[in-house]
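Okay, structure first, notes after.
Residue numbers begin at 1 in each chain, while the letters A, B, ... track the order of the sequences.
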Number of protein chains: 2
Amino acid sequence: MKGIRQLAEHLQISTGTVSRALNGKADVNAETRRRVLEAAETLGYVPNQAGRSLRQGRSRTIGLMLSHDSMVGGASDTFFPLVINGLQEALSVHSLDLILLLCQRGEAPDDFLRRMVAQRIVDAMVISSTRLEDPRFPFLNKAGMPFVSLGRSHSATADNRWVDLDFEGIAERAVERLYQHGHRKIAVAAPDTDVQLAELFLDGYRRGLAHCGLDYDPDLVFRAEAHEQGGYAVGQRIIGLRNRPTAILLNAEMMSVGLYRSFGEAGLQPGRDLAIIAERESPVGRFLLPRLTCFRLDPIAVGQMLGKMLLSQLPAFADLYSDVPTTKIWPMELVEGESDPPPEKQSGLL
Amino acid sequence: MKGIRQLAEHLQISTGTVSRALNGKADVNAETRRRVLEAAETLGYVPNQAGRSLRQGRSRTIGLMLSHDSMVGGASDTFFPLVINGLQEALSVHSLDLILLLCQRGEAPDDFLRRMVAQRIVDAMVISSTRLEDPRFPFLNKAGMPFVSLGRSHSATADNRWVDLDFEGIAERAVERLYQHGHRKIAVAAPDTDVQLAELFLDGYRRGLAHCGLDYDPDLVFRAEAHEQGGYAVGQRIIGLRNRPTAILLNAEMMSVGLYRSFGEAGLQPGRDLAIIAERESPVGRFLLPRLTCFRLDPIAVGQMLGKMLLSQLPAFADLYSDVPTTKIWPMELVEGESDPPPEKQSGLL
DNA sequence: CTGAAAGCGCTTACAG
DNA sequence: CTGAAAGCGCTTACAG
């Protein structure tokens, strides 16, 4: 089956009527519609997207921009795929397709986005891996391309919609929990890039220290990349200290794998010799020994929220989603593992 | 800048000439071309894809179909992102864009593919996660959509192009290596789905046993899902045996995380109490203790090969890629870790 | 309720 | 070397 014209000829009616029948317009005879839908099904007719897009001025396709880093980093394990699932669920309600646009390693994210937007392949965008200052916000605002963002940025305006994880909150609570377990020398590891989440995590860390009456010591802040190698490097630096911290917060769970190894190599035991709380639950963390204490959230729900926020930005659906919040800091729940044993267990192990 | 018409009016020339200039046609005055390119750059004009696609009958976009599973499984760590990078590199030579089409959890892959093909959003497809019998092959063949596949299938015809990893070869070599280290009771863990790679891995395993004069024992074949939880389950089953294997091959490296934990919980030591060789190098495997012995390949090169194979399938580029092989079983190289110590070290540890 | 016709933005034979 | 014109496949006001 080639096009709507062939389908119309086969049915002996006009292409206009076929189009109206297929698109669920009200003013089509019930029997006509039945015949059209049946013939389309039988002959496997699906409208050519280019024709539709050109005529309608929109593509019914939403783009999710992913950077190479966001996939290779620890977030790739289950987080992004599940967020994407939630997104697709929310969008599929209105027959909107989601396509993933992967910015190549080395390609400037801003140029990439500019090209995608100019080509008008997508009607709206979801962006992620936001930075403190992120030119994609003003660019999309200026281009008039509806978008939502997974992640905050100073560059976001009051009109922009985003969902972000409560990095501040979990860092604060993690410090307080460790304090209650008797720790007084609590370190933190965060990426050294200008990714927004690192700063928020450090803010929460400082706030937690303040609540507990502990002094902030810049020597306890370890800058490292958010993966296994980064965690290994942090571990080695800690092991080399004369006066080691007794606990650490990791803002990326994959760091724990490297941190565990560095301790194991040195004959030290994670959990006993260094209490560890990491940012996000992951399959790997669940099967480390000791099991990682971390924070949990429902990535599918995050995706659904992002999808609804996006729909509220699209003229065609805005009315249906007027009650969707404009921004959301996503709460996370502590999952108790074995990597930050309370004091009684600590002494038991010692 | 809206369309080519506005750009043409601004330059006081026809849209045809503007189009020819932008598309690098030979028969355009050099000075005219310069003016057009400059104006397009200044005004930020990029052709509307829908218009181009409709007129040309092709979109210059290639689709990579990913299933939810292929992202959530261990392969998401660095393998797929790097393959994608290689693909993009190969395609970008000819200004072809790659978009990722993610089949939702629960959506039938065949329906999904059918819809994507019918919509004509992409000119060609890359498919992955092939199965023993995979209806996507006959479907794409029948639809006349050029494609390549990452993975073999019985459903592939002689005309179809694919790249696959040498699962058979590595399983065989792993058995032989373990035999040389003194192991006589060698187990294997493979997924219980009909993913092609599982069968190939088991074939290689059997071949390795035969070479070494060892009997095949179906009780040493552990079916488990290709992730941490699956590896944990395998570990527990092995620990419960009266007569344990002394070595195991894993066809998914993420299984090792769970396997390590199950052994650790039981007071056993992976490597010493069970030699382990896993299918693919990964950041996690590098930082496990003991470090995982596994097989390495260059995922970027795999992606580049897939890209070239695909280009050889496209009429516009076939001539340039006539020397590209039609199929390729990708060799992998052993990376010595600490999880399958040779006999002398084994006794040293005991 | 249906048909005839216009036109979305682009590229490309064709004429000059 | 350039312009005028056709037409890719679709949807949608408009007329009836």
Open item on the list: Rounded to whole Å, please give me the gap between CZ in Arg120(A) and P in dC10(C).
Closed with: 12 Å
Task: Mate of dA13(C) where both pairing distances stay under 3.5 Å, Watson-Crick or G-U - done: none
Task: Upstream residue (5' side of DNA chain C) when Gly51(B) and Asp27(B) are each assigned their closest nucleotide - done: Gly51(B)
- [ ] Starting from C1' on dT11(D), measure out to CG on Leu54(B) and report it in whole angstrom.
- [x] 12 Å
Task: Ser53(B) vs dC10(C): side-chain N/O to OP1/OP2 distance below 4.0 Å - done: no
Task: 5' priority, DNA chain D, between Arg55(B) and Gly16(A) [closest heavy atom] - done: Arg55(B)
Task: Nearest-Å distance for atom pair CG/C1', residues Asn23(B) and dT12(C) - done: 10 Å
Open item on the list: Please tell me if Gln56(A) has a side-chain N or O lying less than 4.0 Å from either OP1 or OP2 of dC10(D).
Closed with: no
- [ ] For the pair Lys328(B) and Asp164(B), find out whether any cationic side-chain nitrogen is under 4.0 Å from an anionic carboxylate oxygen.
- [x] no
Open item on the list: Quick check: on DNA chain D, is the nucleotide nearest Lys25(A) upstream (toward 5') of the one nearest Asn29(B), or the reverse? Name the residue that is more 5'.
Closed with: Asn29(B)
- [ ] Starting at atom CD1 of Ile4(B), determine the distance to atom C1' of dG9(C), rounded to an integer number of angstrom.
- [x] 8 Å
Open item on the list: Heavy-atom count check: over 12 atoms from other residues, nucleotides or ligands less than 6.0 Å from Arg5(A) CZ?
Closed with: no
TODO: Please state how far atom CZ in Arg58(A) lies from atom P in dG9(D), giving the value in whole angstrom units.
DONE: 21 Å
Open item on the list: At less than 4.0 Å, is any side-chain N or O atom of Thr32(B) found next to OP1 or OP2 of dT2(D)? Yes or no.
Closed with: yes
Open item on the list: Can you tell me how far apart SG (Cys103(B)) and CE (Met116(B)) are? Round to the nearest 0.5 Å.
Closed with: 9.0 Å
Task: Atom-pair distance (CZ on Arg20(A); C1' on dA4(C)), nearest Å - done: 10 Å
Open item on the list: Less than 4.0 angstrom between a side-chain N/O of Arg5(A) and OP1 or OP2 of dG9(D), yes or no?
Closed with: no
Open item on the list: Quick check against the 3.5 Å criterion: does Asn160(A) have a side-chain atom that pairs as donor or acceptor with the backbone of Thr157(A)?
Closed with: yes
Task: Atom-pair distance (CD1 on Ile13(B); P on dG3(D)), nearest Å - done: 6 Å
Task: Distance in angstrom units between Gln119(B) CD and dC10(D) P, rounded - done: 12 Å
TODO: Verify the contact: side-chain N or O of Thr17(A) to OP1 or OP2 of dG3(C), cut-off strictly under 4.0 Å; return yes or no.
DONE: yes
Open item on the list: Would you say Tyr45(A) places a side-chain N or O within less than 4.0 Å of OP1 or OP2 belonging to dC10(D)?
Closed with: yes
Task: Interatomic spacing from CG in Leu150(A) to CE in Met305(A) - rounded to 0.5 Å - done: 12.5 Å
